[in-house]
Amino acid sequence: MFSIATFNVNSVKARLQNVLTWLDAAKPDVVLLQELKCETDAFPRMEFEDKGYNLAIHGQKTYNGVAILSKYPIDDVITRLPGDDADEQARYIEGIISLKGKAVRVASAYVPNGQEVGSDKFAYKLKFYERLRAHWAQTLRHHEIAVLGADFNCAPYAIDVLDHRSQDGMVCYNALEREQLRALMNLGLYDAFRLKHPDVKQFSWWDYRGAGYEKGNGLRIDHVLLSPLAVDRLHDCIIDEEPRKQEKPSDHAPVVVTLNI
DNA sequence: ATGGTTGAACCTCAA
């Protein structure tokens, strides 16, 4: 069995103990991290290497930042999403994991939040989705076991928000964003959690403001999307709320997929 | 909810 998780940590330095404790408990083979909020050189490498992880890091000062942790070698790393050479934001990293003679393509993405529907940041969010879709349209032609884990900042279905009637139209649950996420999925990328749990209403993010977690008011915006060959091997997908219950948590919970490899 | 919290870095922005 091979396990791969996506986790928006909201600062890897502020979250170090929380994340290390979770790694000891969950023991994932690969972790796709988002929102490092630190430069590549400032990443606390040793703490993760001591637990047996190889690292591929694409950091940035203050904002964004993504990384891949892997118990297996990581090769052919790319850190730019094609389609906008002027984009300096560190929101994408991809590589090839080699295990048991098999190659697994993995990618970690931090889709922009968009802040407010109609804003410049919202336009950047929609553009980012278009770039993600163009890149994965090409990537899927390789017919690999491929896994895209991300903070998509978009709840895809009505069940993925607390009350879809009152919340429809807000940022992260808006027809324009859902259209983009669905178009990405329609390339042939499958939402692992929804495949395994068609009727479960569970969130992956809760706002710090207004005690969102305590009130059960969140969104399912962190997803692990699988290529068809990865779906063939899908064993389970869970949202692990344990780190969200601890002191000084991220506002996100990790999503963990297990594959029969 | 023209509010509420958190993190990084600065005296505010992004989420």
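Every chain is numbered from 1 and lettered A, B, ... according to where its sequence line falls, protein lines coming before strand lines.
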- Can we say A/Asp251 and A/Arg244 salt-bridge, meaning some charged N sits less than 4.0 Å from an Asp/Glu carboxylate O? no
- Message: Rounded to whole Å, please give me the gap between NZ in A/Lys215 and P in B/dG4.
- Response: 12 Å
- Task: Please examine the side chains of A/Tyr124 and A/Asp120, heavy atoms only from C-beta on, and report whether any two atoms are closer than 4.5 Å.
- Result: no
- Residues that A/Asp24 engages under salt bridge (Lys or Arg N to Asp or Glu O under 4.0 Å), provided they are two or more places apart: A/Lys51
- Note on the structure: Going 5' to 3' through nucleotides 5-15 of chain B and flagging B where a protein heavy-atom sits under 4.0 Å of the base, S where only the sugar-phosphate is that close, and - otherwise, we get BSSSS---BSB
- Classify the ring geometry between A/His197 and A/Phe193 as parallel (under 30°), tilted (30 to 60°) or perpendicular (over 60°). tilted
- Message: Between A/Tyr129 and A/Val111, is there a side-chain heavy-atom distance shorter than 4.5 Å?
- Response: yes
- With C1' as the reference atom in both, quote the distance from B/dA14 to B/dA9 in angstrom, rounded to an integer. 12 Å
- Distance between P atoms of B/dA1 and B/dA15 (Å, rounded): 23 Å
- Message: Taking Watson-Crick (N1-N3 plus N6-O4 or O6-N4) and G-U wobble (N1-O2, O6-N3), each under 3.5 Å, can you produce the dot-bracket string of DNA chain B? Use [ ] for crossing pairs and | for inter-strand ones.
- Response: ....((((...))))
- With sequence neighbours excluded, residues passing salt bridge (Lys or Arg N to Asp or Glu O under 4.0 Å) with A/Glu49: A/Arg45
- Set of residues satisfying ring-ring contact (aromatic ring centres under 6.0 Å, His included) with respect to A/Phe2, sequence neighbours excluded: none
In a table with atom names and distances, give each donor-acceptor pair under 3.5 Å that connects a side chain of residues 222-234 of chain A to protein atoms at least two apart or in another chain.
from	atom 1	to	atom 2	distance (Å)
A/Asp222	OD1	A/His252	ND1	3.2
A/Asp222	OD2	A/Ser204	OG	2.6
A/Asp222	OD2	A/His252	ND1	2.8
A/His223	ND1	A/Arg220	NH1	3.3
A/His223	NE2	A/Cys154	O	2.9
A/His223	NE2	A/Arg220	O	3.4
A/Ser227	OG	A/Glu144	O	2.7
A/Ser227	OG	A/Ala146	N	2.9
A/Ser227	OG	A/Ala230	N	3.4
A/Arg233	NH1	A/Asn260	O	2.8

